[in-house]
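Both counts, for ligands and for their atoms, begin at 1 and track the order of listing.
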Amino acid sequence: DIILETHNLHCQYPDGTVALQGISIAIKKDKKIALLGTNGAGKSTLLLHLIALLKPTCGNILFKGKELQYNRSSLATLRSQVGLVFQDPDSQLFAPSVRQEVSFGPINLGLSEKQVAERVFRSLELSGIPHLADKPVHFLSYGQKKLVSIASVLAMNPELLILDEPTASLDPQNAMEIMNLLNTLNQKGMTVLLVTHNVEEAYGWADEIILMNNGLITGQGTPENILSQD
Ligand code: ADP
Ligand code: ADP
């Protein structure tokens, strides 16, 4: 069962930079997948295509087997089922309090007040930050902001959770908590795509690795498969 797949995606930025040179990947349901590549490989660019914040120069994207259309209702469906946690929490967080931040998604989905409260409660519990519910976001630590940004995406109850370098700039303890959270979410049936340049993190955690370099996929398989190819 494949949630999201890309076929021969190319991306050239307006300044002429070619960031993707023919990316074909398939994200299988219920898996823990790591997209691994060095800085500049094109990982963030690919993610922006996966949630349709960028439109491919050429190639296409299939969401649950159907070609993605760039109209309002298809995009709303995609974004309610595919959640992206950005690398920099400050670019994602905007509400004054944690509760307001985490409520934003479910309110937008049109859920009732009671349902919103339940989603917020559950997301904060899962993320291990129920005690932060009434704190102002502005004064939280970087690690706490990171957890708030994850909780706010979880409140949408996505089938596929994508995280761009979620442990970058975190101390080992906070990084481990995030990796444990990703395992818990996967055990609950969520598909998780972790984007990282950290080789150990990827190989130690993922069911499947996608290697990316210079806008191309250079390998894909289980950690064992990939290691035996080298
Ligand atoms: P990664 O996330 O793997 O570090 P990126 O997708 O951020 O890689 O970048 C891939 C390439 O595209 C790099 O050469 C980067 O400089 C370039 N790039 C990224 N964003 C833009 C942009 N908005 N305009 C022009 N070039 C960009
Ligand atoms: P790339 O994927 O090309 O390496 P990044 O995703 O690292 O680009 O950076 C995206 C944006 O997030 C940049 O504007 C960068 O300054 C910012 N950023 C990256 N890491 C952090 C961090 N730890 N704290 C705050 N901002 C960050």
Side-chain angles (χ1 to χ4, degrees), residues 3-28 31-63 68 70 75 78-79 82-94 142-143 145-147 149-150 152-153 158 160-170 174-175 178-179 181-182 191-221 223 226-227 229-230:
I3 298 192
L4 203 54
E5 61 198 288
T6 72
H7 293 282
N8 198 28
L9 278 194
H10 284 75
C11 168
Q12 179 166 25
Y13 281 110
D15 72 351
T17 306
V18 176
L20 304 179
Q21 317 192 59
I23 297 285
S24 301
I25 59 167
I27 296 167
K28 295 193 200 96
K31 297 274 188 210
K32 293 191 284 186
I33 303 137
L35 176 65
L36 179 62
T38 53
N39 284 329
K43 305 183 298 299
S44 303
T45 303
L46 176 58
L47 294 193
L48 294 174
H49 283 82
L50 293 182
I51 59 159
L53 286 176
L54 286 178
K55 222 172 158 173
T57 308
C58 73
N60 56 20
I61 297 176
L62 272 64
F63 177 57
L68 186 61
Y70 293 81
L75 294 183
L78 176 78
R79 290 181 191 147
V82 179
L84 173 62
V85 178
F86 285 90
Q87 176 167 355
D88 176 11
D90 288 320
S91 70
Q92 191 180 326
L93 303 174
F94 61 92
Y142 183 77
K145 282 184 186 172
K146 203 84 204 188
L147 290 167
S149 67
I150 294 175
S152 67
V153 173
L160 169 61
L161 178 68
I162 305 177
L163 308 98
D164 194 358
E165 302 269 6
T167 65
S169 320
L170 292 182
N174 283 323
I178 295 221
M179 296 309 288
L181 170 61
L182 300 187
T191 307
V192 183
L193 175 64
L194 167 73
V195 178
T196 183
H197 65 263
N198 184 325
V199 176
E200 280 173 40
E201 184 174 277
Y203 281 88
W205 172 83
D207 301 320
E208 197 169 307
I209 308 261
I210 301 173
L211 297 177
M212 196 169 170
N213 186 34
N214 196 20
L216 289 164
I217 300 299
T218 54
Q220 182 162 8
I226 296 211
L227 287 170
Q229 282 161 21
D230 291 338

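Among C11, G42, G16, the residue whose heavy atom lies closest to atom 8 (O) of ligand 1 is G42. Compare V195, T45, L54 by their heavy atoms: the one nearest to atom 9 (O) of ligand 1 is in T45.
Exactly one residue among V192, L181, V153 makes a side-chain contact (heavy atoms from CB on, under 4.5 Å) with L163. That residue is V192. With L193 as the partner, the side-chain contact (heavy atoms from CB on, under 4.5 Å) test is satisfied by one option alone out of D164, L47, I25: L47. None of T191, L68, L78 except one satisfies the side-chain contact (heavy atoms from CB on, under 4.5 Å) rule with L4; the exception is L78.
Proximity to T38 (heavy-atom distance under 4.0 Å) selects the following atoms of ligand 1: 3 (O). Interface atoms of ligand 1 facing S44, defined by a heavy-atom separation under 4.0 Å, are 1 (P), 2 (O), 6 (O), 7 (O). Against a heavy-atom cut-off of under 4.0 Å, A41 is close to the following atoms of ligand 1: 1 (P), 3 (O), 8 (O). In the vicinity of N39, heavy-atom distances shorter than 4.0 Å reach the ligand 1 atoms 4 (O).
No side-chain donor-acceptor contact under 3.5 Å links T17 to the backbone of A19.
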What do the steps show when you test S44 against Q87 for side-chain hydrogen bond (donor to acceptor under 3.5 Å, both in side chains), and what is the final call? CA-CA 9 Å; S44 303; Q87 176 167 355; 5.3 Å; no
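Not a single heavy atom of L48 sits under 4.0 Å from any atom of ligand 1.
A 6.0 Å sphere centred on NZ of K32 holds more than 12 heavy atoms belonging to other residues, nucleotides or ligands.
For ligand 1, one of its N or O atoms has an N or O atom of G40 under 3.5 Å away.
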